[in-house]
There are 2 protein chains.
Amino acid sequence: MKHDVSPDSIPPRGHEAKRASIMDAAGEVFCRESFAGANIDMIAAEAGVSRQTIYNHHGDKEKLFVAIVRDLTERCNAGIFATISTFPDQPKDLEADLIAFAVRMNRNCICNRDGKFLRKLIQTEGERYPELFAEWREQGPGRTWPAIAARFARLAHAGFLDIEDPDVAARQFLALANAELQTTFMLGGTPTDDEVLQSATHGVRTFLRAFGKRQPADAQKHSALAGA
Amino acid sequence: MKHDVSPDSIPPRGHEAKRASIMDAAGEVFCRESFAGANIDMIAAEAGVSRQTIYNHHGDKEKLFVAIVRDLTERCNAGIFATISTFPDQPKDLEADLIAFAVRMNRNCICNRDGKFLRKLIQTEGERYPELFAEWREQGPGRTWPAIAARFARLAHAGFLDIEDPDVAARQFLALANAELQTTFMLGGTPTDDEVLQSATHGVRTFLRAFGKRQPADAQKHSALAGA
DNA sequence: ATAAATTTAGACAGCCTTGTCTAATCCGTC
DNA sequence: GACGGATTAGACAAGGCTGTCTAAATTTAT
């Protein structure tokens with residue numbers, strides 16, 4: 001049941017490097033062991049830092065935890081907005097462009113290290129820190145979903161899609177893009193690039209069957225026949 | 001941070017009643033506090049039982065935990081199969097029947113007490129008990145998804161739907177039905193009946209836009225216009 | 001009513017964890 | 001090379017938790 005205690009390769013140099021190293025290790029350990037199951041010695045060992053240094057930097061276990069969550073929330077949101085800015089507003093190939101967008105979203109925001117950690121911490125500790133995670137909810141889904149919805153609304157307005165409610169469509173787009181990754185997410189796994197692509201491809205195809213224009217300007221070239 | 005310690009209403013009578021009471025309380029506490037955060041005294045208090053009785057029944061904390069997970073997995077699977085058996089094979093009103101099915105699935109299997117607890121335990125402790133949750137994966141999604149897919153395949157074969165890959169369609173059906181409940185689930189909340197209905201309605205409409213027959217035998221009566 | 005089985009409260013040892021303290025050491029800078 | 005801040009190992013007290021044990025009380029079956 002005990003985990004390896006070898007310091008994470010190179011001992012970090014400098015004050016800030018130590019801070020970063022602690023944040024990294026703490027995210028990892030809190031995520032793997034849950035708040036109650038994690039202990040400071042584990043984090044110190046994994047960060048290649050002494051226990052006292054952690055107390056010097058963060059005060060106590062709970063403050064450290066809160067710092068981790070805020071940090072992850074911030075970084076994840078930044079990633080999501082960066083990815084949203086790559087939304088295909090003037091698609092050349094709607095299906096291919098949306099698939100690529102869905103893959104970017106998954107790979108850079110959902111399946112990556114930060115995304116995985118934040119998701120797990122929210123699921124595991126969400127009920128114990130209502131205000132902290134309410135903050136995440138407002139800053140996260142509360143801001144990203146409308147942003148995505150706005151992009152879909154623009155795409156619909158430009159005649160590429162046939163959408164009544166862009167908010168619903170945005171949520172469904174994300175749900176479809178992830179539909180085949182749910183079980184993996186549940187168990188804390190990281191899907192392979194291929195699984196991400198598969199899920200995105202199937203999801204976007206279904207999305208376009210539902211919301212694509214029936215007879216677009218240039219006839220729908222990419223039917224459900226295209227190979228994987 | 002301490003939780004209420006009042007025994008859960010009536011002290012139970014009889015050996016089996018105590019066993020059940022312990023299982024109930026343990027599920028609740030493990031789910032709320034995580035395995036590491038839960039302690040036997042909490043569970044004993046919540047079950048209205050002495051600590052020693054728990055040890056008499058289950059040996060130790062880990063065995064108790066495993067018993068809870070197996071119990072929840074079994075009950076949830078039973079519920080899911082029971083619900084699958086109500087799948088509308090001969091729908092009178094395809095949209096309404098699928099919405100009702102999606103609502104049943106959510107209310108009876110996903111949002112209910114057992115479903116919520118099992119989901120949380122999988123998310124929280126899945127990585128720590130790989131074999132235990134692999135078992136769940138095989139018995140759960142591994143058996144329920146194909147069962148649902150088979151029903152959709154039958155519906156497609158009977159001419160009600162236009163589906164190439166029933167497995168993909170089944171996963172997407174579930175993903176769409178839950179699309180608007182994700183954030184609530186993440187934070188451990190329980191959606192209201194109305195939220196469940198909304199999500200199912202929107203999800204099924206999108207599903208039918210994607211997979212419904214364009215010109216079915218009797219013309220599509222229920223377009224995307226129907227009120228909530 | 002009596003006997004057997006179960007449950008109970010409480011005490012207990014052993015262990016782990018948090019957070020503090022100290023004295024020695026490291027590191028970059030002047 | 002000497003200084004000052006940061007870091008380190010290690011010891012430490014206080015407290016929490018698990019799992020065991022006991023003797024008494026309670027329940028159930030006979």
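Note that the structure is a prediction, hence the values are computed from the model and not measured. Letters A, B, ... mirror the listed sequences (proteins, then strands); counts begin at 1.
For Phe65(B) and Tyr129(B), the distance between ring centers is under 6.0 angstrom.
Side-chain N/O atoms of Gln172(A) and His202(B) include no donor and acceptor closer than 3.5 Å.
A distance-only check finds a donor-acceptor pair linking the side chain of Ser85(B) to the backbone of Ala82(B) [under 3.5 Å].
Residue pairs meeting the salt bridge (Lys or Arg N to Asp or Glu O under 4.0 Å) criterion with at least one partner in residues 66-88 of chain B, sequence neighbours excluded, are Arg70(B)-Glu135(B), Asp71(B)-Arg75(B), Arg75(B)-Asp114(B). The list of ring-ring contact (aromatic ring centres under 6.0 Å, His included) pairs with a residue in residues 171-199 of chain B, not counting sequence neighbours, reads Phe152(B)-Phe173(B), Phe173(B)-Phe207(B). Within the structure, every pair that satisfies the salt bridge (Lys or Arg N to Asp or Glu O under 4.0 Å) test and touches residues 50-60 of chain B, not counting sequence neighbours, is listed here: Asp41(B)-Arg51(B), Asp60(B)-Lys63(B).
Remark: Lys120(A) does not engage Glu125(A) in a salt bridge, criterion side-chain N to carboxylate O under 4.0 Å. A salt bridge does not link Arg128(A) to Glu62(A): none of the charged nitrogens lies less than 4.0 Å from a carboxylate oxygen.
Counting to the nearest Å, the P atom of dT6(C) and the CD1 atom of Ile54(B) are 17 Å from each other. Between Asp41(A) atom CG and dC15(C) atom P the separation is 17 Å, expressed in whole Å.
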Exercise for the section: Sugar-phosphate means primed atoms, P, OP1 and OP2; the rest is base. With that split, encode nucleotides 19-24 of chain C 5' to 3' as B, S or - using protein heavy atoms under 4.0 Å. Expected result: BBB---
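When heavy atoms are screened at a 4.0 angstrom cut-off, Ala38(B) is found touching the sugar-phosphate backbone but no base atom.
Note that the two end axes of the helix from dA1(C)-dT30(D) to dC30(C)-dG1(D) enclose an angle of 30°, each drawn from 5 base pairs, rounded to 10 degrees.
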Please tabulate, one pair per line, each protein N/O and nucleotide N/O from nucleotides 5-7 of chain D that are separated by under 3.5 Å, including the distance.
| unit_1 | atom_1 | unit_2 | atom_2 | d |
| --- | --- | --- | --- | --- |
| dA6(D) | O3' | His15(A) | ND1 | 3.3 |
| dT7(D) | OP1 | His15(A) | ND1 | 3.4 |

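Screening Val103(B), Asn178(B), Thr201(B) for a side-chain contact (heavy atoms from CB on, under 4.5 Å) involving Val196(B) leaves a single residue, Val103(B).
Put simply, CZ on Arg104(B) and CD1 on Ile84(B) are 11.5 Å apart, with the number rounded to the nearest 0.5 Å.
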